[in-house]
2 protein chains.
Amino acid sequence: MQRYFIKGTVSLNETFVMDDEHVHHIRNVMRAKAGDKFNVVDGEGNAYLVLLTDLEPVSYEVIEKIESEVELPVDITLYSPFLKGDKMDLVIQKSTELGVHHFILYKAERSVVKLDAKKEKSRLLRYEKIAREASEQSRRTKIPGISFVGALKTIDFTQYDLVLFAYEDNNLTGSSIKDILARTSVKTIAVVFGPEGGFTETEADIFKTYENIALGRRILRAETAPLYALSVIGSYYE
Amino acid sequence: MQRYFIKGTVSLNETFVMDDEHVHHIRNVMRAKAGDKFNVVDGEGNAYLVLLTDLEPVSYEVIEKIESEVELPVDITLYSPFLKGDKMDLVIQKSTELGVHHFILYKAERSVVKLDAKKEKSRLLRYEKIAREASEQSRRTKIPGISFVGALKTIDFTQYDLVLFAYEDNNLTGSSIKDILARTSVKTIAVVFGPEGGFTETEADIFKTYENIALGRRILRAETAPLYALSVIGSYYE
């Protein structure tokens with residue numbers, strides 16, 4: 001069933017006018033008629049079944065609350081450098097489906113791509129759209145946040161209960177993700193991935209005291225590694 | 001280190017002429033010089049460290065055998081319908097990185113794309129190239145095989161020790177992959193995924209007696225589901 005993220009909150013059995021941004025989709029893409037049902041998710045992450053009551057303006061009645069646990073019970077922040085070409089799109093879309101809560105795109109020392117402020121702004125809008133659409137499609141109740149930051153050394157990783165560092169040099173000696181999760185109980189996890197060219201030693205030094213993870217015995221591409229890790233984390237909790 | 005898959009077998013301390021298909025890459029892409037080292041993997045999956053001895057013709061001496069266990073200890077066959085656009089490329093590339101051994105592309109009742117024999121042939125060549133490059137990049141010792149087949153009902157699934165069926169209607173009620181793997185010991189696994197529009201009831205009936213798997217609580221796209229399942233299977237064994 002089609003799902004729309006709205007800005008405010010709604011109440012059961014009352015009628016609301018749909019946010020402008022979804023009107024085109026309802027009228028022209030879904031070609032919806034009064035009586036059609038869809039889902040709305042409000043700004044607090046509550047999901048509802050609603051009934052289209054009018055097209056001028058597009059309005060809906062809230063029928064029932066959907067009690068669902070589609071969100072992972074841990075809050076996952078994915079740290080990724082900006083990846084080339086459509087790889088960043090892929091990571092944003094797939095990681096959203098796999099349940100990530102925040103994307104933080106940092107400047108890796110070996111990052112191939114450098115973005116100026118204007119380009120960053122336009123990319124941010126693009127990624128927010130990809131994350132929103134992937135949230136709708138995968139029936140999530142939260143849209144991951146996305147932000148650009150500077151170098152890894154400027155970030156305070158002590159804010160997370162658990163930091164998983166995917167250092168390709170330790171891929172075979174690192175711990176398995178599920179073993180790490182099994183021996184600890186956490187609410188927030190940061191998972192840190194490197195650029196196509198790998199981390200520098202300076203960057204790796206930041207994570208000396210954190211968990212180094214293994215991602216299986218094969219060498220995964222920069223855009224595949226997060227999908228593997230998120231799948232394994234998800235499968236541990238769900 | 002660069003890795004080339006060759007057709008025949010080689011012996012330690014002897015010198016061999018490189019297969020024609022890799023000559024261009026060695027000369028013009030890697031711009032290799034005599035004395036450079038790289039890996040070759042022979043037709044039986046043995047990996048060797050070799051030394052370039054000559055460029056005319058391109059020849060190498062076999063220095064040592066690389067004892068590696070990059071292959072999963074179970075043989076995984078991925079059944080996927082032919083997916084639209086670049087999604088099929090993505091599934092072939094990523095699933096190869098994640099360790100799959102065979103791709104079987106079947107004709108789903110709700111498949112969007114229909115290929116004639118000529119188109120199938122050209123796609124097969126394309127997918128074989130993607131699988132070979134992904135095997136080289138991820139340092140595997142096996143290149144997954146790829147074949148096109150007919151409808152699901154024409155396939156004998158009793159040939160596998162374990163059949164995992166990813167039916168979207170059972171996504172929440174299906175068993176977790178790791179629980180299934182934990183209660184059984186298998187050598188061969190078939191994992192069966194549906195098209196963008198889902199399986200028909202007739203297709204689902206074929207798998208009534210097999211394991212229905214859950215892929216987490218979110219709805220994964222047709223091309224994301226295999227990557228999730230393969231990551232979880234891989235993390236169980238490695």
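Protein chains get the first letters and strands the later ones, always in sequence-line order, with residue 1 at the start of each.
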Student: For A:Arg139 and B:Arg218, run side-chain contact (heavy atoms from CB on, under 4.5 Å): C-alpha distance rounded to whole Å, both residues' side-chain angles, the deciding distance at 0.1 Å, then the answer.
Tutor: CA-CA 6 Å; A:Arg139 310 223 185 128; B:Arg218 290 157 303 284; over 6 Å; no

Student: Hey, which residues of residues 178-185 of chain A are touching chain B, say heavy atoms under 4.5 Å apart?
Tutor: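 Result: A:Lys178.
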
Student: Are the side chains of B:Gln93 and A:Arg221 in touch, meaning some heavy atoms are under 4.5 Å apart?
Tutor: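 Yes, at least one pair of side-chain atoms sits under 4.5 Å.
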
Student: Name the member of A:Leu215, A:Ile177, A:Leu220 that forms the most heavy-atom pairs with chain B at distances under 4.5 Å.
Tutor: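 Most heavy-atom pairs under 4.5 Å with chain B: A:Leu220.
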
Student: Just wondering, more than 12 heavy atoms not from A:Lys65 lying within 6.0 Å of its NZ?
Tutor: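 Yes, because the 6.0 Å sphere around NZ of A:Lys65 holds more than 12 heavy atoms from other groups.
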
Student: I'd like to know whether CZ of A:Arg126 has more than 12 heavy-atom contacts from other residues, nucleotides or ligands below 6.0 angstrom.
Tutor: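 At most 12 heavy atoms, drawn from other residues, nucleotides or ligands, come within 6.0 Å of this atom.
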
Student: Counting only heavy atoms not in A:Arg110, do more than 12 fall under 6.0 Å of its CZ?
Tutor: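 Yes.
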
Student: Hey, what do you get for CD1 (A:Ile219) to CZ (B:Arg140), rounding to the nearest 0.5 Å?
Tutor: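 Here the interatomic distance stands at 13.0 Å.
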
Student: Applying a criterion of heavy atom separation less than 4.5 Å, what residues of residues 80-92 of chain A form contacts with chain B?
Tutor: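 The stretch touches chain B at A:Leu90.
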
Student: So which residues of residues 223-238 of chain B are in contact with chain A at a heavy-atom cut-off of under 4.5 Å?
Tutor: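 At a heavy-atom separation under 4.5 Å, chain A is reached by B:Glu223, B:Thr224, B:Leu227, B:Tyr228, B:Ser231, B:Val232, B:Gly234, B:Ser235, B:Tyr236, B:Tyr237, B:Glu238.
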
Student: Using the ring pair (Phe, Tyr, Trp, His ring centres under 6.0 Å) criterion, which residues pair with B:His101? Sequence neighbours excluded.
Tutor: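 For B:His101, no residue satisfies ring pair (Phe, Tyr, Trp, His ring centres under 6.0 Å) once neighbours in sequence are set aside.
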
